Peer 1: 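The structure is given below, and queries will be raised subsequently.
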Amino acid sequence: MVWPSGHLDVESAGGGRFGSDPHSLLNEWQAAIEWMAEARPGAEGAIEFSELGPPLPRPRQIFAVGLNYAEHAEEAGHLREGVPQVFTKFPSCLAGPNACVEVPGPRLDWEVELVVAMGAEAHSVKPEKAWSVVAGLMVGQDLSARDVQLAGAAPQWSLGKSYPGFGPTGPVLVPLANLDHPEDLEIECLLNGEPVQHARTSQMVWPVPELIARLSAVCTLYPGDLIFTGTPAGVGNRRLPPRYLSQGDHLVSRIESLGELSNTFRAAGA
Ligand code: ZN
């Protein structure tokens, strides 16, 4: 599909049909896709990209998957057989693509991830049907406070990954119809310009259709729900010596055809 370039205000250009809330757009996703393909965006009404929020700010559920790239599972010292490691990032952690994130502690780590946005209610979806319930894809950062995540007898994955700002997503939601090969995208993360993670999403242990099948075998998935699909090797806490994010750092998270996040970090209270 060839898409028009530029931008427009969906609420006014659509004559109120779709409203201004991106989540309401997902309730009529197929109609919205068809409308967008015919839309004629102009260049008026400049967008201040630095002020963008998360494309989907209020998902009912956020699923996240750990250890979904073989090299990362190995660097973390885990076997990759069995079932996907599933946890949540609480929705209050979501942030825009250019957010400046407060550093809450001494062991703040990075994880660039492909994020799947659901486009339909789904339960017990078979892998071969799974892409049909996806609205689109975007870039995500699964920021992680390793001190909180690994405190106590068993890991606190969800809590350690849910401080305010710990879920930058965007820069936009790219509709699946706009992607020629959504199952194989280059993914990378740069810290202060230095490449720290680099892989292809085709290297996932559990590919997107398999994740949707396994999640929906238990939970009902809803339009606007997000799935963080796991990070490749190269995170900070598995380096020798370990490396963590601190005030003044600049993190770029990039996925082929989806764009990039550009996040900075500030001291607590700054
Ligand atoms: Zn992660």
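Read the numbers this way: they start at 1 and go in the same order the structure lists the ligands and their atoms. This is a predicted model, so every value here is computed, not measured.
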Peer 1: Once salt bridge (charged side-chain N to carboxylate O under 4.0 Å, His left out) is applied, do any residues pair with Asp9, and if so which ones, sequence neighbours excluded?
Peer 2: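 Asp9: no salt bridge (charged side-chain N to carboxylate O under 4.0 Å, His left out) contacts found.
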Peer 1: Go through Leu245 and Leu191 one step at a time and tell me if the side chain to side chain contact (heavy atoms under 4.5 Å, CB included) criterion holds.
Peer 2: CA-CA 9 Å; Leu245 296 164; Leu191 175 54; 3.6 Å; yes
Peer 1: Please report how many protein N/O/S atoms lie under 2.8 Å from the Zn ion (ligand 1).
Peer 2: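 Number of qualifying protein atoms: 3.
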Peer 1: As a test of understanding, state which of Leu226, Val116, Leu221 forms a side-chain contact (heavy atoms from CB on, under 4.5 Å) with Phe63.
Peer 2: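 Result: among Leu226, Val116, Leu221, Leu221 is the only option passing the side-chain contact (heavy atoms from CB on, under 4.5 Å) with Phe63.
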Peer 1: Pick out which of Glu256, Glu188, Glu186 makes a side chain to side chain donor-acceptor pair (under 3.5 Å) with Arg200.
Peer 2: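 Per the side chain to side chain donor-acceptor pair (under 3.5 Å) rule, the option paired with Arg200 is Glu256, out of Glu256, Glu188, Glu186.
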Peer 1: Would you list the atom pairs, donor with acceptor, under 3.5 Å between side chains in residues 150-160 and any protein atom, with sequence neighbours excluded?
Peer 2:
from: Ser158; atom 1: OG; to: Thr88; atom 2: N; distance (Å): 3.2
from: Ser158; atom 1: OG; to: Thr88; atom 2: O; distance (Å): 3.2

Peer 1: Which residues pass the salt bridge (charged side-chain N to carboxylate O under 4.0 Å, His left out) test with Arg146, not counting sequence neighbours?
Peer 2: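 For Arg146, the residues satisfying salt bridge (charged side-chain N to carboxylate O under 4.0 Å, His left out) (neighbours in sequence not counted) are Asp109, Glu111.
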